[in-house]
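Just below is one structure, and these are the notes that go with it.
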Amino acid sequence: MTEINGRETEAPMNRRNAVKAFVGLGLASALTDCTPASGGGGPVGEMPGPPPAQGPQLDPEPERAPSPDEHEHPAEGDLLVFALGVRKGEVVTSADVPLDGPQIFAYAGDADGAHGASDASRLDQIILVRLDPMSLSEETAHHAAEGIVAYSAICTHEGCDISDWSTQNRRLICPCHDSEFDPTDNGQVTEGPARRRLAALPLKLVDGQLVVAGGFTGRVGFRSP
Ligand code: FES
């Protein structure tokens, strides 16, 4: 058993195979559910587009901030809280994010609780990973705080949570169809069927606290353009 983000999981290959079997049973639609974590209403998730083309062609998505009706969280000044595990709901500090992974799942929320984990949808879910600052591309470094980078946790292929991590290659990996994303290079796709990079979430440090510095830089979710 391996612990990831406070959860005990099977060994990586067993877990991945289990997820693939889950998808193969025709239950992939369950993974597109973007209802709030609290079980109530909330932002509607993006629907899957047509099957992606085979091959390494990547989607040159133009950079833009999502419009409010698409997605309004997280916001500048938000704190980050653990989304999973025994510390769920506690504020994440920079010291909580281990160097070279694995990633931590988090939600953003303001200090008054006006929004955050209590009303968050799957589209708000974030992954945090700390890397050597010298390994980051210029654009990635611009969004990072002490080498910590944040991305949407939703795979741009068909919307699974990006829950696996390759220590050897320092890649974020989606367990459903093995898409890989490079957290040192703005979440770009390096392997697998996904064609669009992960949306990055700018971070900053304020009085030693990890804080959101702005909205997502790119489209969150998995709808085709
Ligand atoms: Fe297919 Fe992530 S959902 S690779």
Side-chain angles (χ1 to χ4, degrees), residues 2 4-5 7 9-37 42-61 66 70-71 83-84 101-107 120-129 131 140 149-201 216-225:
T2 301
I4 299 176
N5 297 310
R7 295 183 297 191
T9 67
E10 298 292 334
M13 287 305 297
N14 290 338
R15 183 183 183 284
R16 188 170 302 172
N17 288 338
V19 175
K20 287 175 178 175
F22 178 77
V23 174
L25 288 172
L27 298 176
S29 60
L31 297 171
T32 67
D33 177 17
C34 297
T35 53
V44 176
E46 295 177 326
M47 297 301 292
Q54 297 298 314
Q57 181 183 7
L58 302 181
D59 173 11
E61 178 211 3
E70 285 179 304
H71 201 70
L84 304 169
Q103 66 269 48
I104 288 175
F105 279 74
Y107 283 112
S121 82
R122 285 189 66 235
L123 294 179
D124 293 321
Q125 197 166 215
I126 298 158
I127 42 181
L128 302 168
V129 60
L131 301 157
T140 305
V149 291
Y151 294 99
S152 166
I154 307 302
C155 181
T156 58
H157 179 224
E158 291 184 355
C160 292
D161 290 350
I162 300 173
S163 56
D164 286 354
W165 170 253
S166 168
T167 300
Q168 182 177 8
N169 299 323
R170 292 184 305 169
R171 294 286 189 268
L172 297 160
I173 302 175
C174 176
C176 288
H177 311 101
D178 296 332
S179 283
E180 297 187 11
F181 304 87
D182 185 355
T184 70
D185 188 17
N186 212 24
Q188 297 290 353
V189 180
T190 57
E191 291 282 348
R195 293 189 296 160
R196 178 160 48 85
R197 71 170 183 87
L198 299 175
L201 184 70
F216 281 116
T217 63
R219 182 175 297 174
V220 175
F222 55 99
R223 182 174 58 194
S224 295

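The analysis underlying the following values was restricted to heavy atoms, covering all of them including side chains, and did not include hydrogens, waters or symmetry mates. Atoms within a ligand are numbered from 1 in the order they appear, just like the ligands themselves.
- Among the atoms of Cys174, an N, O or S atom falls under 2.8 Å from atom 2 (Fe) of ligand 1.
- At least 2.5 Å separates the SG atom of Cys160 from that of Cys174.
- Results of the side chain to side chain contact (heavy atoms under 4.5 Å, CB included) test with Tyr151 over Leu172, Leu201, Ile126 single out Leu172 as the only residue that passes.
- For Asp182 and Thr184, the side-chain atoms include at least one donor-acceptor pair closer than 3.5 Å.
- Close contacts of ligand 1 with Cys155, meaning ligand atoms under 4.0 Å from a residue heavy atom, involve 2 (Fe), 3 (S), 4 (S).
- Between the side chain of Arg196 and the backbone N or O of Gly221, at least one donor-acceptor pair lies under 3.5 Å.
- Here His177 reaches atom 1 (Fe) of ligand 1: one of its N/O/S atoms is less than 2.8 Å from the metal.
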Discussion item. Could you walk me through whether Asp164 and Arg171 satisfy the salt bridge (Lys or Arg N to Asp or Glu O under 4.0 Å) test, starting with their C-alpha distance in whole Å, then the side-chain angles of each, then the deciding distance to 0.1 Å, before giving a yes or no?
Written reply: CA-CA 9 Å; Asp164 286 354; Arg171 294 286 189 268; over 6 Å; no

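- Looking only at its N/O/S atoms, His157 has ND1 as the one nearest to atom 1 (Fe) of ligand 1.
- Using a 4.0 Å cut-off to heavy atoms of Ser179, the atoms of ligand 1 that qualify are 4 (S).
- Within the listing of ligand 1, atoms 3 (S) sit less than 4.0 angstrom from a heavy atom of Glu158.
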